[in-house]
**Student:** 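Got a structure here, written out as structure tokens. Questions coming.
Just so we're clear, the structure is a prediction, and the values are computed from it rather than from any experiment.
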Amino acid sequence: LDGAAVSLLYINGELERALTRGDGKKGIDITGHMKHLVPNTLDRNVYKFCVPITQITGEVVAPSSIKNARNYAAGALNLKDYGEFVNRDIRFIAYGVEPLTIGSYYYELCGLHDTGFDTIVDSDWLEYPTDGMVCRIDNQVAFAERGYTSHHPRGAYALKRIQKGVKTTLVDVVWNVGKSGVVAPVAILDPIEIEGATISRATLHNIGFINTLELEIGCMVEVIRSGKIIPRI
């Protein structure tokens with residue numbers, strides 16, 4: 001599901017905190033907003049796997065019929081006006097629980113469904129945008145034994161479709177100094193629209209990338225939005 005990742009912290013079955021992914025290390029506290037979208041209490045009579053501290057992860061998504069649905073969902077979480085937030089057409093769909101308390105990932109999510117959550121096992125959710133398919137080991141012990149890399153769990157992988165690029169003209173190349181001091185080339189493009197976003201710039205990474213693609217001013221290039229976010233030639 002292609003939206004905004006959110007983590008929910010329940011202590012003794014009560015929603016204590018909700019955070020966005022943020023920069024990957026520190027997220028934004030959106031507890032007040034998420035209380036409108038998710039159960040505020042995990043009913044222990046229903047969700048029998050509840051432990052003193054439970055973390056539930058999922059995605060806040062908006063229908064594909066909305067232009068820039070991903071940005072629409074992420075933008076809703078940053079709204080200051082609660083009244084405007086509750087009127088946004090968004091929902092939270094759960095896909096993860098920590099710690100692992102029973103042997104089956106599927107039945108763990110079924111337990112969340114029983115306590116009032118929408119989960120990824122309830123439906124194909126075809127009305128919402130996706131950017132691929134995740135395949136995951138159902139056996140929780142086998143999943144945990146495989147561990148994690150610095151980036152992702154070894155017990156799951158994502159299948160991504162190769163995107164069809166949109167053609168445009170490379171108008172110019174400028175050099176940009178990043179926060180770390182690294183100087184990198186940036187393509188200036190004849191503006192195009194990709195999935196509702198107007199694209200006029202894209203990173204060219206380094207001179208080796210330019211040479212490999214044999215790029216020159218005025219040539220035609222094909223552009224995609226990598227991960228449906230970052231413009232890439």
**Student:** Mind checking whether Arg201 and Val174 have side chains closer than 4.5 Å, heavy atoms only?
**Tutor:** yes
**Student:** Considering only heavy atoms from C-beta outward, does the side chain of His113 approach that of Val121 to under 4.5 Å?
**Tutor:**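 His113 does not reach Val121 side chain to side chain.
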**Student:** Going by salt bridge (charged side-chain N to carboxylate O under 4.0 Å, His left out), name the pairs with one or both residues in residues 87-105, residues two or more places apart or in two chains.
**Tutor:**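 Passing the test, one end in residues 87-105: Glu84-Arg88, Arg91-Asp118.
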**Student:** With a 4.5 Å cut-off on side-chain heavy-atom distances among I, L, V, M, F, W and Y, is there a chain of contacts connecting Tyr157 to Tyr106?
**Tutor:**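 Looking at the clustering, Tyr106 is in a separate group from Tyr157.
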**Student:** For Phe117 and Ala94, which heavy atoms make the closest approach, and how far apart are they?
**Tutor:**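 That would be CD2-CB, 4.5 Å.
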**Student:** Do Val97 and Ile102 belong together in a cluster built from hydrophobic side chains that touch within less than 4.5 Å?
**Tutor:** yes
**Student:** State, with a plain yes or no, whether a side-chain heavy atom of Leu8 is found less than 4.5 Å away from one of Val38.
**Tutor:** yes
**Student:** Looking only at heavy atoms, what is the nearest atom pair of Asn87 and Gly83, with distance?
**Tutor:**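 Closest pair (atom of Asn87, atom of Gly83, distance): ND2-O, 3.0 Å.
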**Student:** Measure across Ala62 and Pro129 and return the closest heavy-atom pair with its distance rounded to 0.1 Å.
**Tutor:**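 Smallest heavy-atom distance, with atoms named: O-CD, 3.1 Å.
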**Student:** Tell me whether Arg136 forms a cation-pi arrangement with Phe143, defined as NZ or CZ under 6.0 Å from the six-membered ring centre and within 45 degrees of its axis.
**Tutor:**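 Yes, a cation-pi geometry.
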**Student:** Testing Val166, Leu170, Asp190 one by one against Val221 for a side-chain contact (heavy atoms from CB on, under 4.5 Å), which residue passes?
**Tutor:**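 Exactly one pass, corresponding to Leu170.
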**Student:** Under the side chain to side chain contact (heavy atoms under 4.5 Å, CB included) rule, what do Val61 and Ile90 come out as? Steps first, then yes or no, please.
**Tutor:** CA-CA 5 Å; Val61 292; Ile90 55 177; over 6 Å; no
**Student:** Roughly how far apart are Asp138 CG and Leu109 CG, rounded to 0.5 Å?
**Tutor:**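 Asp138 atom CG to Leu109 atom CG measures 9.0 Å (nearest 0.5 Å).
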**Student:** Under a 4.5 Å cut-off applied to non-hydrogen side-chain atoms, are Leu77 and Val6 in contact?
**Tutor:** yes
**Student:** Is there a path of hydrophobic side-chain contacts, each under 4.5 Å between heavy atoms of I/L/V/M/F/W/Y residues, joining Val134 to Phe92?
**Tutor:**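 Different hydrophobic clusters.
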**Student:** Is there a path of hydrophobic side-chain contacts, each under 4.5 Å between heavy atoms of I/L/V/M/F/W/Y residues, joining Ile30 to Val86?
**Tutor:** yes
**Student:** I'd like to know whether Thr41 forms a side chain to side chain contact (heavy atoms under 4.5 Å, CB included) with Leu15, so could you lay out the CA-CA distance, the side-chain angles of the two residues, the decisive distance to 0.1 Å, and finally the verdict.
**Tutor:** CA-CA 6 Å; Thr41 301; Leu15 179 59; over 6 Å; no
**Student:** Measuring from Leu19:CG to Lys26:NZ, what's the distance to the nearest 0.5 Å?
**Tutor:** 10.0 Å
**Student:** Looking at side-chain heavy atoms only, is the closest gap between Cys135 and Leu159 below 4.5 Å?
**Tutor:**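 Yes, side chains in contact.
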**Student:** Let me confirm one number: the CZ-CD1 distance from Arg225 to Ile194, rounded to the nearest 0.5 Å.
**Tutor:**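 It is 7.5 Å, given to the nearest 0.5 Å.
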**Student:** Do Gln55 and Ser7 have side-chain heavy atoms sitting under 4.5 Å apart?
**Tutor:** yes
**Student:** Minimum heavy-atom separation for Lys167 to Glu222, with atom names?
**Tutor:** CE-OE1, 3.8 Å
**Student:** Is the ring pair Tyr82/His33 parallel, tilted or perpendicular, if the boundaries are 30 and 60 degrees?
**Tutor:** tilted
**Student:** Could you go step by step and tell me if Val182 and Val177 meet the side chain to side chain contact (heavy atoms under 4.5 Å, CB included) rule?
**Tutor:** CA-CA 6 Å; Val182 174; Val177 181; over 6 Å; no
**Student:** How are the rings of Trp125 and Tyr128 set relative to one another: parallel (under 30°), tilted (30 to 60°) or perpendicular (over 60°)?
**Tutor:**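 Tilted, since the angle between the ring planes falls between 30° and 60°.
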**Student:** So does Thr198 get a backbone contact from the side chain of Glu193, meaning a donor-acceptor N/O pair under 3.5 Å?
**Tutor:** no
**Student:** Would you name the heavy atoms of Ala202 and Pro231 that are closest together and state the gap between them?
**Tutor:** CB-O, 3.8 Å
**Student:** Do Pro52 and Ile11 have side-chain heavy atoms sitting under 4.5 Å apart?
**Tutor:** no
**Student:** Between the side chain of Thr31 and the main-chain N/O of Ala18, is any donor-acceptor distance below 3.5 Å?
**Tutor:** yes
**Student:** Using 0.5 Å steps for rounding, measure from the CD1 atom of Ile56 to the OG1 atom of Thr115.
**Tutor:** 8.0 Å
**Student:** Measuring from atom CE of Met34 to atom OG1 of Thr20, what distance do you get when rounded to the nearest 0.5 angstrom?
**Tutor:** 10.5 Å
**Student:** Any heavy-atom pair between the side chains of Asp172 and Ile217 that's under 4.5 Å?
**Tutor:**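 Answer yes - side chains close enough.
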**Student:** How far does CD1 of Ile230 sit from OG1 of Thr203, to the nearest 0.5 angstrom?
**Tutor:**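 Taking CD1 in Ile230 and OG1 in Thr203, the distance rounds to 9.0 Å.
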**Student:** Okay, side chain of Asn40, backbone of Lys35: is any donor-acceptor separation there less than 3.5 Å?
**Tutor:**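 At least one qualifying donor-acceptor pair exists.
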**Student:** Run Leu189 and Thr169 through side chain to side chain contact (heavy atoms under 4.5 Å, CB included) and show every step you take.
**Tutor:** CA-CA 6 Å; Leu189 307 169; Thr169 303; over 6 Å; no
**Student:** Counting distance only, does the side-chain N/O of Tyr105 pair as donor-acceptor with the main-chain N or O of Tyr95 below 3.5 Å?
**Tutor:** yes
**Student:** Has the side chain of Asp122 got a donor or acceptor atom that lies under 3.5 Å from a matching backbone atom of Thr119?
**Tutor:** yes
**Student:** For Ala197 and Asn68, which heavy atoms make the closest approach, and how far apart are they?
**Tutor:** N-OD1, 3.8 Å
